[in-house]
K.L.:
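What follows is a structure written as structure tokens; I'll ask about it next.
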Amino acid sequence: GWSALPLETDGLRVEIAACKPAESGSGVAIRLVETQGRRGTVRYRVPEAFERAELVDLHERPLGSPLERSGTGAVSIEFGPYQIRTLLLS
């Protein structure tokens, strides 16, 4: 199994609004919401079961290149005030 909860937020309040199977049938989509009207960065440690992590739109279309993992397997996600981001793990 794996956990979708290992978020490090540096004081930024980000909540997991949804965690569901990806529309493609391969992977998991995690919807994250910044709830305090602040800017900042969240680090998410991607479970080893997933090879790829990328930000996607609400229709799960890629918004750019896959995110780079740090040595600990974490990716960094920038948030604006009240921003909703979707992370696709596959």
K.L.:
Without swapping roles, check the side chain of Glu60 against the backbone of Glu23 for a donor-acceptor pair under 3.5 Å.
P.N.:
yes

K.L.:
So how far is it from Thr35 OG1 to Arg13 CZ, rounded to the nearest 0.5 Å?
P.N.:
4.5 Å

K.L.:
Is there a chain of hydrophobic side chains (I, L, V, M, F, W, Y, each step under 4.5 Å between heavy atoms) that links Ile16 to Val33?
P.N.:
no

K.L.:
Nearest 0.5 Å, what's the CZ-CG distance between Arg52 and Leu89?
P.N.:
11.5 Å

K.L.:
Between Cys19 and Val28, which heavy-atom pair has the shortest distance, and what is it?
P.N.:
SG-CG1, 3.7 Å

K.L.:
Looking only at non-hydrogen atoms, find the nearest pair between Ala53 and Val46 and report the distance.
P.N.:
CB-CG2, 3.9 Å

K.L.:
How long is the straight-line distance from CG of Leu67 back to CG of Leu55, given to the nearest 0.5 Å?
P.N.:
4.5 Å

K.L.:
In Å, rounded to the nearest 0.5 Å, how long is the span from CD1 of Ile84 to CG of Leu32?
P.N.:
10.5 Å

K.L.:
Distance from Ile30 atom CD1 to Tyr44 atom OH, nearest 0.5 Å?
P.N.:
3.5 Å

K.L.:
Working note: Phe79 + Gln36, criterion side chain to side chain contact (heavy atoms under 4.5 Å, CB included); need CA distance, chi angles, decisive distance, verdict.
P.N.:
CA-CA 11 Å; Phe79 278 86; Gln36 292 181 315; over 6 Å; no

K.L.:
Applying side chain to side chain contact (heavy atoms under 4.5 Å, CB included), can you list everything that pairs with Arg39, at least two apart in sequence or on another chain?
P.N.:
Pro81

K.L.:
Please confirm whether the backbone N or O of Gly80 pairs with a side-chain atom of Glu78, one donor and one acceptor, at under 3.5 Å?
P.N.:
no

K.L.:
Just verifying a value: how many Å separate Thr86 OG1 and Lys20 NZ, rounded to the nearest 0.5 Å?
P.N.:
8.5 Å

K.L.:
What closest approach, in Å, do Ala22 and Ser26 show between heavy atoms, and which atom pair accounts for it?
P.N.:
CB-O, 3.6 Å

K.L.:
List the residues meeting side-chain hydrogen bond (donor to acceptor under 3.5 Å, both in side chains) with Ser70, not counting sequence neighbours, and say none if there are none.
P.N.:
Thr72

K.L.:
Show your working on side chain to side chain contact (heavy atoms under 4.5 Å, CB included) between Val75 and Glu54 and close with a plain yes or no.
P.N.:
CA-CA 9 Å; Val75 294; Glu54 61 188 320; over 6 Å; no

K.L.:
Hey, what else clusters with Tyr82 if you join Ile, Leu, Val, Met, Phe, Trp, Tyr whenever side-chain heavy atoms sit under 4.5 Å?
P.N.:
none

